Amino acid sequence: MAETLPKGYEPQDVERRWRGHWEKSGTFTPSPDDPGEPYSIVIPPPNVTGALHIGHALNLTLIDVLCRHARQKGKNVLWIPGTDHAGISTQNVVERALAKEGKSRKDLGREAFVERVWQWRADYGHRILEQIAALGCSVDWSRLRFTLDDGLSAAVRKVFVQLYNEGLIYRGDYIINWCSRCHTALADDEVEHEEQPGRLWKVAYKLADGDGEIVIATTRPETIPGDTAVCVHPEDERYAGLVGRRVVVPVLGREIPVIADSYVDREFGTGALKVTPSHDHNDWLLGQRHGLEFLQVIDEDGRMKAESGPYAGLTKEEARAKIVADIAAAGLDRGEEPLAHAVGRCYRCHTVVEPHVSRQWFVATTKMAPAARAAVPELTRLFPETWLKTYYHWLDTIRDWCISRQIWWGHRIPAWTCERCGELIVAETAPGTCPRCGSTELVQDEDVLDTWFSSALWPFSTLGWPEMTPELKRWYPTSVLVTGFDILFFWVARMMMMGQHFLGEPPFRDIYLHALVRDAQGQKMSKSKGNGIDPLAMIEKYGCDALRFTLTAFAAMGRDIRLSEERIEGYRHFVNKLWNAARFVLMNLPESAPPPVDLSGPVSLHEAWILDRLEAVKLDMDQALEDYRFNDAAQCGYKFLWNEFCDWYLELSKPDMASEDPAVRARAQYVLWLTLREILLLLHPIMPFVTAEIWAALPVPAGAEPTDIALEPYPPARPGCVRPDEARAMEFVQGVIVAVRTIKAELGISPTRRVRLLLHPGDEAQARILEQNRVCIETLARLEELVIDAAMPAPKAAASAVAGGCQVIVPLAGAVDLADELARLDKELAKLEKDMVDVNRKLRNESFVSRAPAEVVARERERAEKITDARDKLAARRELFTEALAENGEAGTASAN
RNA sequence: GGGCAGUUAGCUCAGUUGGCAGAGCAUCGCCCUUACAAGGCGAGGGCCACAGGUUCAAAUCCUGUACUGCCCACCA
């Protein structure tokens, strides 16, 4: 007997062993010179501060499935792992740690602070990597990257300098989103807009030169000190006479002009608005258009500046309250109403952002977007396609990207200013002297780059760019990017732009956007809600393969995943099923692999059937993965293993194992061995550990060495095993067996009780098939006697059914309630009658017969015949059965044997 | 205000080109049949959100409606 497996599958131990093996053996470290079509994926780099959450688990599982599958298909597969320095997030984490020591980053100073962050990374940055490993990811650890590595930093500087020289990076004063907590500018899409209840105040602005007033509406009275105009619509008759005159800013007493601009919505509020160019995005545009004064009254900490006069020093919240009160006191209050409006918040810390005018660096993404747009879908395919419109829309309406951040952790902007002459120098390395005046007093820009700037280079910076490395030649562009749709703009679109600009072609052949993982109620999982499912805890509890299979099985394209622990628990049963099926097979195999048998020659019907199914499953799973239909691939494997291999084939193989004919035994062993072997290969990309463990226990041909399943090719097609006719014949036999089981179950006959069975085959061919599979039927239907003879009269007191035209007759004996069988027959007949009405309605419909494809009509005709045949046979049986009932009189039970 | 999804069994979801509505879990029977009780064998359960339209034929295609969710957006 072959090596046996322990009775229960113990994932923890198995996972630890295989992980260690794969890491040490270098199994997943390819060489650019290896043969095969190149296949590469870059990991969406998790934040170095991060802890693995379920979204990562989904992402990494899907990538790993693709990589392992590609390896099986003979491709030269590279999966690069790495982490992102995550500027603001990481700085926040370290600042919080500092705060516990009662220190701020300013206490340390820039250099010491950055040193402290590196230390933090050395201490904790590996956690996320270990967690990636725990998922069984087949990444190439030898090529691990970090966005602040020397090589990647060099790439960042080169890109910055080149874009600057090309005029695609520029510096300018703009209104940007300012987070007063993180103390930095934020890009437009780093601001989350959130509808919340607010108020709309109406305030009177008195005319400077006499009586009259304009009532404006505002949601932000604290910005009144920064007003430099009042604006109305040019065609608004209500205010026609006022444009060009001057009004007085309430409380402050300054005079400002009334201007007209068609931007104003006459329907909203009072149709008049106050303009604060330094503290509102729209007002900033108005200010530019109309040459207004820019007056900053709120500082970088969210406090009122000296320019706000009496409110100086207050927080903006305090200022709002005081200003509202002062306006009321001055008799300028013209009412207020509740108004829900969107307020922007920092996506990192959720502080309300303040529009703020300052000098920042920008990438002219408006110029780079068209190429990224045009590449899809011609050069890069997007899955699911439904994201196309969103992608296009974003690129079509894109604004330039603010890339400077006023923090310390990140890539420092490679720009220097000459203290003496003011010259701006942008260079990859620090310049020694000013090229204009020769001064050595050069000061580097204090700011660092947006984290997404280095992420945008990830697909080629990780491959060694700007050096033309063998890796870059071999694996760029990458095969597919797998990521969540939530970073389509942050990351994906920007990688497209950078990849095209610097490498001349987009960085991926395909982009697969997967769903978000939500909880069972459909809520986004988050720490604050406490509804998260911790993947590591799940791995601990149910095993990695169960988690991976669950995530794969639910990854239907374009749909969110509602995950709950019960799901994972459910799929653990599947892992266990595989384990036990393998145990059974191993118990029945010799020590060495069974010698090959010609499977295209004569085999028994159930063997032909399972081999035929196996061929179909190989094709289906392969195609599903090619199409990124992960759920279909998982489902397909699940059904084949459980519902076909275990439920039928293993049971059918049992009599073969007990056969006295050594040839039958040998062939059964070979088919068992081979089928299990290929099932393991098919499931391996989804469930690497349990399949590896079983594979290792599977006997190999005498003299051969056991292999590593991770290096085995995808099971090749075996054309001789495609036998649809025999597969159909087997399905007929299954139908007969199910009919007997159903009769037993519905008549309350114990499944273990052996009964006699009479079969009236529909024709000679059926009779032959049934005869050849006598043992199968006897075993699976649990019979004490089987008679296959259309001429053999059936006893009146018998339960009956029709399966594929064959009458299935179970003579009733003992304490069976005959009324049950009558009810059963009537139910069955009613169903057939209904089917017949349906099918006849179609066939009697002249236009159906004439217009539907001939093939569909023929199918319906065939169906009608089958239904009629079954109905007639059952009706005849019912006649006889009622006679039996009458003969039995009040007894109501059969005593036929 | 625009855009995109979703609505199918009690729950969570599949359903590729229109052609007999499926799975898992849950429920209800019967079984400890020597791989597995984390199991086996059966059963019940659906106006495919609503209203129109196209078609021989619609869960599927078109139009509209109603909810639900997400994304984008400068009504202060």
Side-chain angles (χ1 to χ4, degrees), chain A residues 5 7-9 189 193 200 216-220 223 231 263-276 280-286 339 341-342 355 384 386-387 389-390 393-394 397 485-486 488-489 516 518 520 522-524 553-554 556 558-564 566-567 569-588 623-624 627 629 631-632 635 638-639 643 646-647 650-651 654 738 741-746 748-753 779-780 782 835 838-839 842 845-853 855-857 859-860 863 867:
Chain A
L5 294 168
K7 189 155 162 91
Y9 175 58
D189 50 12
H193 293 273
L200 187 67
I216 59 89
T218 182
T219 54
R220 300 202 55 203
T223 63
C231 189
Y263 152 73
V264 177
D265 178 357
R266 278 169 283 183
E267 307 299 316
F268 188 86
T270 61
L273 58 89
K274 65 187 211 60
V275 185
T276 318
D280 183 278
H281 289 100
N282 305 311
D283 293 5
W284 189 81
L285 292 172
L286 281 175
L339 176 77
H341 68 294
T386 141
W387 285 101
K389 266 193 163 178
T390 311
H393 180 256
W394 188 76
T397 58
F485 62 78
D486 50 326
L488 177 62
F489 309 136
L516 238 52
R518 299 171 183 281
Q523 302 241 298
K524 207 167 171 172
F554 280 97
R559 267 185 94 128
D560 285 347
I561 297 174
R562 293 199 188 191
L563 192 68
S564 64
E566 291 77 55
R567 304 273 163 82
E569 195 183 349
Y571 281 113
R572 179 184 53 168
H573 299 342
F574 179 65
V575 178
N576 197 53
K577 189 75 180 175
L578 173 60
W579 183 258
N580 280 299
R583 286 184 63 223
F584 172 81
V585 173
L586 292 176
M587 282 173 187
N588 286 288
Q623 192 56 50
D627 297 344
R629 288 179 289 114
N631 57 326
D632 287 343
Q635 219 46 247
Y638 184 100
K639 281 188 170 162
N643 302 120
C646 290
D647 288 350
L650 286 190
E651 296 305 321
K654 286 176 183 174
V738 168
R741 286 171 173 172
T742 306
I743 286 171
K744 281 190 181 179
E746 296 201 337
I749 300 169
S750 164
T752 48
R753 164 119 169 262
T779 310
L780 269 67
R782 302 199 150 250
D835 286 353
D838 283 354
V839 73
K842 268 191 180 174
N845 182 341
E846 170 54 28
S847 40
F848 170 74
V849 177
S850 60
R851 305 179 80 151
E855 163 198 323
V856 173
V857 177
R859 203 159 53 223
E860 288 299 314
R863 196 181 143 221
I867 294 169

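In this text the structure is predicted, and so the values were computed from the model without any measurement. All values below were derived from every heavy atom in this structure, side-chain atoms included, with hydrogens, water molecules and symmetry-related copies excluded. Below, read A as the first sequence line, B as the second, and so on, with proteins coming before strands; counting in each chain starts at 1.
Between the C1' atom of B:rC31 and the CD1 atom of A:Ile749 lies a distance of 14 Å, rounded to the nearest Å. For the pair A:Asn643 CG and B:rG22 P, the interatomic distance rounds to 15 Å; values are reported in whole Å. Nucleotide B:rC25 holds its C1' atom 16 Å from the CZ atom of A:Phe574, rounded to whole Å. With rounding to whole Å, A:Asp647 atom CG is found 12 Å from B:rA35 atom C1'. Residue A:Arg572 contributes atom CZ, which lies 10 Å from atom P of B:rG39 at whole-angstrom precision. A:His573 places its NE2 atom 10 Å from the P atom of B:rG40, with the value rounded to the nearest Å.
Of the listed nucleotides (B:rA76, B:rA37, B:rA43), B:rA37 has the atom at the smallest distance from the side chain of A:Lys7.
For the pair A:Arg741 and B:rG42, the criterion of a side-chain N or O lying under 4.0 Å from OP1 or OP2 is met. Side-chain nitrogen and oxygen atoms of A:Lys744 include none within less than 4.0 Å of the OP1 or OP2 phosphate oxygen of B:rG29. Taking 4.0 angstrom as the limit, A:Lys389 places a side-chain polar atom (N or O) nearer than this to OP1 or OP2 of B:rC4.
The separation of B:rG3 from B:rC47, taken at their P atoms, amounts to 33 Å, rounded to a whole angstrom. Between B:rU60 and B:rU7, the distance separating the two P atoms is 11 Å to the nearest Å. Going from the C1' atom of B:rU27 to that of B:rA35 covers 28 Å, rounded to whole Å. The P atoms of B:rA73 and B:rC20 are separated by 45 Å, rounded to the nearest whole Å. Straight-line distance between the C1' atoms of B:rA51 and B:rU12: roughly 29 Å, to the nearest whole Å. Going from the C1' atom of B:rA59 to that of B:rG40 covers 34 Å, rounded to whole Å. When the P atom is used for both B:rC25 and B:rA43, the distance is 16 Å, rounded to whole Å.
Using Watson-Crick or G-U wobble geometry with both donor-acceptor distances under 3.5 Å, B:rC70 finds its partner in B:rG3. Pairing of B:rC28, defined by two Watson-Crick or G-U wobble distances under 3.5 Å, is identified with B:rG42.
For the pair A:Lys654 and A:Phe584, the cation sits on the ring face: its NZ or CZ lies under 6.0 Å from the ring centre, inside 45° of the axis.
Using the six-membered ring where Trp is involved, A:Tyr571 and A:Phe554 have ring planes that are perpendicular, over 60° apart on the 30 and 60° scheme. Between A:Phe485 and A:Trp387, the ring planes lie parallel to each other; the angle is under 30°, not in the 30° to 60° tilted range.
A:Arg220 comes within 4.0 angstrom of no nucleic acid atom, judged by non-hydrogen atoms across all strands. In this structure, A:Cys646 reaches the bases: a heavy-atom distance under 4.0 Å links it to at least one base atom across the strands shown.
With hydrogens and angles left out, the side chain of A:Glu860 and the base of B:rA57 share no donor-acceptor pair within 3.5 Å.
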